[in-house]
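The chain is numbered in sequence order, starting from 1. Quantities reported herein were computed from a predicted structural model and do not represent experimental measurements.
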Amino acid sequence: MKLYVLNEELQRIQPISVYESVTWESFYREEGNFIWKLPLNLFIENTEEPDLGVVESVEKTVDDNNNKSLTVKGRLASCILESRVSIGSNVFKDSYPRDILKTVLEDNFLSPEDTLRTIDILDYQVSEQPILSQIDYELLRGTDGLQITKDVCEISDCGFSMGLKELSDDEVKLQFRLYKGVNRSLGQYINKPFVILLNSDNPESSYTKELADNLS
């Protein structure tokens with residue numbers, strides 16, 4: 001995994017090469033999260049479609065051996081959908097999920113009546129979304145965009161993600177997308193998650209064969 005710091009225009013400005021550990025969890029129908037742990041003693045000496053994380057907290061910790069670390073926590077980029085709530089209510093009948101979310105995103109993120117609510121770095125292309133079965137959905141005023149997305153995807157049995165999209169040499173945006181696949185997120189019990197272990201004697205390492213079979 002390669003890590004980078006991005007500026008406000010989503011341009012890479014600095015690679016991240018110093019860290020103790022990184023936990024990066026992406027989910028089928030959740031926004032995902034990450035924990036990035038950095039040993040502070042190292043700062044003296046060292047000054048494909050990617051996932052994107054939003055830092056939400058930074059905590060300084062000291063272990064029993066007096067090793068100091070920074071623990072950086074956050075969620076993956078789709079968490080920004082939580083920053084806007086629906087300003088209106090609506091009842092969608094026999095509507096495609098991609099069109100429901102198009103309405104929600106345009107009204108509250110992409111081109112809202114109150115232009116101060118616009119998030120310019122967000123992009124959503126209906127033509128690039130899968131055509132899923134039509135559903136009924138009641139949109140309640142005051143529901144945040146992330147919860148709306150989770151509700152629609154739950155009904156439609158699909159996943160969602162948000163990654164970087166290069167629209168031109170000078171323009172990069174966060175592109176939201178739906179996708180149809182198999183839910184192998186941690187915490188669900190219908191499909192086994194992929195677990196890749198270094199110890200080949202561990203019975204759970206048989207999951208790697210399942211991974212290979214699915215990728216072949």
Side-chain angles (χ1 to χ4, degrees), residues 8 10 24-34 49-57 73-165 167 171-194:
E8 293 180 354
L10 303 179
W24 197 275
E25 295 182 328
S26 57
F27 296 89
Y28 191 52
R29 271 196 294 272
E30 297 287 338
E31 67 274 19
N33 59 77
F34 68 92
E49 180 183 293
D51 275 337
L52 190 71
V54 178
V55 174
E56 295 182 315
S57 68
K73 296 183 180 181
R75 289 180 293 168
L76 301 194
S78 51
C79 73
I80 71 170
L81 297 178
E82 199 173 60
S83 65
R84 297 288 185 273
V85 299
S86 173
I87 59 174
S89 57
N90 202 342
V91 176
F92 296 91
K93 291 288 187 180
D94 295 326
S95 300
Y96 291 109
R98 64 178 190 173
D99 295 328
I100 295 174
L101 293 176
K102 175 179 180 291
T103 299
V104 172
L105 291 172
E106 286 187 345
D107 290 351
N108 301 285
F109 295 86
L110 304 178
S111 53
E113 291 185 7
D114 181 355
T115 56
L116 293 177
R117 303 180 78 236
T118 304
I119 299 182
D120 291 327
I121 61 172
L122 186 61
D123 180 67
Y124 181 75
Q125 300 292 332
V126 175
S127 60
E128 298 180 12
Q129 310 304 321
I131 300 178
L132 305 170
S133 298
Q134 294 171 301
I135 63 171
D136 295 338
Y137 177 67
E138 183 178 3
L139 173 63
L140 299 179
R141 175 183 172 87
T143 307
D144 70 71
L146 181 58
Q147 187 59 54
I148 294 169
T149 300
K150 291 179 179 181
D151 292 343
V152 170
C153 289
E154 179 71 28
I155 297 171
S156 303
D157 191 23
C158 69
F160 66 89
S161 67
M162 188 179 291
L164 294 178
K165 176 72 172 182
L167 301 180
E171 186 178 24
V172 180
K173 291 198 174 188
L174 289 173
Q175 187 171 64
F176 176 79
R177 71 180 184 93
L178 301 172
Y179 66 96
K180 187 67 175 177
V182 177
N183 184 4
R184 295 189 184 275
S185 304
L186 295 174
Q188 55 82 32
Y189 303 98
I190 298 176
N191 303 299
K192 290 181 179 179
F194 291 133

Glu31 and Lys150: CA distance, side-chain angles, deciding distance, side-chain contact (heavy atoms from CB on, under 4.5 Å) verdict: CA-CA 9 Å; Glu31 67 274 19; Lys150 291 179 179 181; 3.0 Å; yes

Working for side-chain contact (heavy atoms from CB on, under 4.5 Å), residues Arg75 and Glu82: CA-CA 11 Å; Arg75 289 180 293 168; Glu82 199 173 60; 2.7 Å; yes

Full working for side-chain contact (heavy atoms from CB on, under 4.5 Å) between Glu138 and Val91: CA-CA 4 Å; Glu138 183 178 3; Val91 176; 4.2 Å; yes

side-chain contact (heavy atoms from CB on, under 4.5 Å) evaluation trace for Thr103 with Ser95: CA-CA 11 Å; Thr103 299; Ser95 300; over 6 Å; no

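Residues passing the side chain to side chain contact (heavy atoms under 4.5 Å, CB included) test with Ile155, sequence neighbours excluded: Ile135, Tyr137.
Salt bridge annotation for Glu128-Arg177: absent, with no cationic side-chain nitrogen under 4.0 angstrom from a carboxylate oxygen.
A distance-only check finds a donor-acceptor pair linking the side chain of Arg141 to the backbone of Ile87 [under 3.5 Å]. When atom types are taken as modelled, the side chain of Asp123 and the backbone of Leu174 share no donor-acceptor pair closer than 3.5 angstrom. Side-chain atoms of Lys173 come within 3.5 Å of backbone atoms of Asp120 as a donor-acceptor pair (strictly under, hydrogens ignored).
Atom CG of Asp107 sits about 9.5 Å away from atom CZ of Arg117, to the nearest 0.5 Å.
Screening Asp151, Thr143, Asp144 against Gln147 for a side-chain hydrogen bond (donor to acceptor under 3.5 Å, both in side chains) leaves a single residue, Asp151.
Here the closest heavy-atom approach between residue Gln129 and residue Phe176 is recorded as NE2-O, 3.4 Å. The minimum heavy-atom distance linking Gln125 with Gln175 is given by the pair CG-NE2, 3.3 Å. Between Leu101 and Ile148, the closest heavy-atom pair is CD2-CG2, 4.3 Å.
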